[in-house]
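Working notes, structure below.
A, B, ... follow the sequence lines: proteins, then strands. Residue 1 opens every chain.
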There are 2 protein chains.
Amino acid sequence: MTTVTPATAADRTGVSIDTLRYYEREGLIGPIRRSVGGRRQYTEDDLFWIGLVTCFREAGLGIADLREFVAILRAEHSPQDRVAFLRERRASLEQRVAALCRAMEVLDEKIAYYS
Amino acid sequence: MTTVTPATAADRTGVSIDTLRYYEREGLIGPIRRSVGGRRQYTEDDLFWIGLVTCFREAGLGIADLREFVAILRAEHSPQDRVAFLRERRASLEQRVAALCRAMEVLDEKIAYYS
DNA sequence: TCTTGACCTGGAGCGCGCTCCAGATACGAG
DNA sequence: CTCGTATCTGGAGCGCGCTCCAGGTCAAGA
């Protein structure tokens, strides 16, 4: 299996090395395989997962949310639990979108006023 | 002009008294009128403005953004500057929405998978 | 008048999400 | 083998956005 150094992983995911280590410490990714000497070796799967995490971080989910997310998707939870959790997260994202739309409406109003 | 105590203002806006003071210190609201004894007296206009600020905070704008927002709307800036600023803010909100939508798509995928 | 509770100020403290640092170790190029 | 760069670990530091606290002031009700 082809793997990649921390520097390359950081480069390809757009996440800093420090943050990658932080995410691993926090249980959001990995644990990442190590070389004999102890250096991290990121697989393509790791990179993909980091992409998912980044996607959710950008959407505003907190570290604790993501930890739970990881646990749900990895551990032995009943499908109902998983789906319930996922739906819950989806609902909160919808609320964020709603908040954003309200703010955009206000902006549009102001833009119209000053145009 | 009818005014309202800090406690009532907090109650009606859903923003804590401490946070109201903080916003005022940061220049996001006010300065709020004071009674002879030095207590704050919030007008309806103040409450409305606090509502706007809250709306933008919920949409994820930072304190510095809002300070600039206030400056733009209050001070003597050319209409072009205002509109440019507002459009810029709107664009960044759109990006947030896009990030949220991406995350929701991922969630939907997982939901579909586990359903 | 006295009590009680809301409010004042300035400043410290806190949780989050990184980010940086020191000191040690690994490893590829020459 | 040596050098230089990349990486390792544990822990400190930081910016943001509040939140809390101490010590004092104000004001309405009994």
query = For the side chain of A:Arg21 and the base of D:dT9, is some donor closer than 3.5 Å to an acceptor across the two?
reply = no
key: For atom CD1 of A:Ile63 and atom P of D:dC16, their distance in whole Å   = 18 Å
query = Would A:Arg40 and A:Glu24 pass as an ion pair if we require N to O under 4.0 Å?
reply = yes
inquiry  = Check the phosphate of C:dC27 against A:Ser35, side-chain N and O only, distance under 4.0 Å to OP1 or OP2. Yes or no?
reply    = yes
task = Give the rounded distance in Å between these two atoms: CD of B:Gln41 and P of C:dC7.
result = 12 Å
message = In this structure, how many angstroms lie between the P atom of C:dT9 and the CD atom of B:Glu26, rounded?
response = 15 Å
inquiry  = Check this one for me: any side-chain N or O of B:Arg25 less than 4.0 Å away from OP1 or OP2 of C:dT9?
reply    = no
First of A:Arg34 and B:Leu61 reached from the 5' end of DNA chain D, by closest nucleotide = A:Arg34
message = Looking at A:Thr5 and A:Thr8, would you say the former's side chain and the latter's main chain have a donor-acceptor pair under 3.5 Å?
response = yes
query = OP1 or OP2 of C:dG17 less than 4.0 angstrom from a side-chain nitrogen or oxygen of A:Thr19, does that happen here?
reply = no
request  = Look at the side-chain N and O atoms of B:Thr5 and state whether any lies under 4.0 Å from the OP1 or OP2 oxygen of C:dC7.
outcome  = yes
query = Is it true that A:Arg12 and A:Glu44 have a side-chain N and a carboxylate O under 4.0 angstrom from each other?
reply = yes
query = Of B:Asp18 and A:Arg39, whose nearest nucleotide on DNA chain D comes first from the 5' end?
reply = A:Arg39
Given C:dT9, C:dG17, C:dC7, the nucleotide with the shortest approach to the side chain of B:Arg40 = C:dT9
key: Rounded interatomic separation in angstrom, taking OH from B:Tyr22 and C1' from C:dG10   = 15 Å
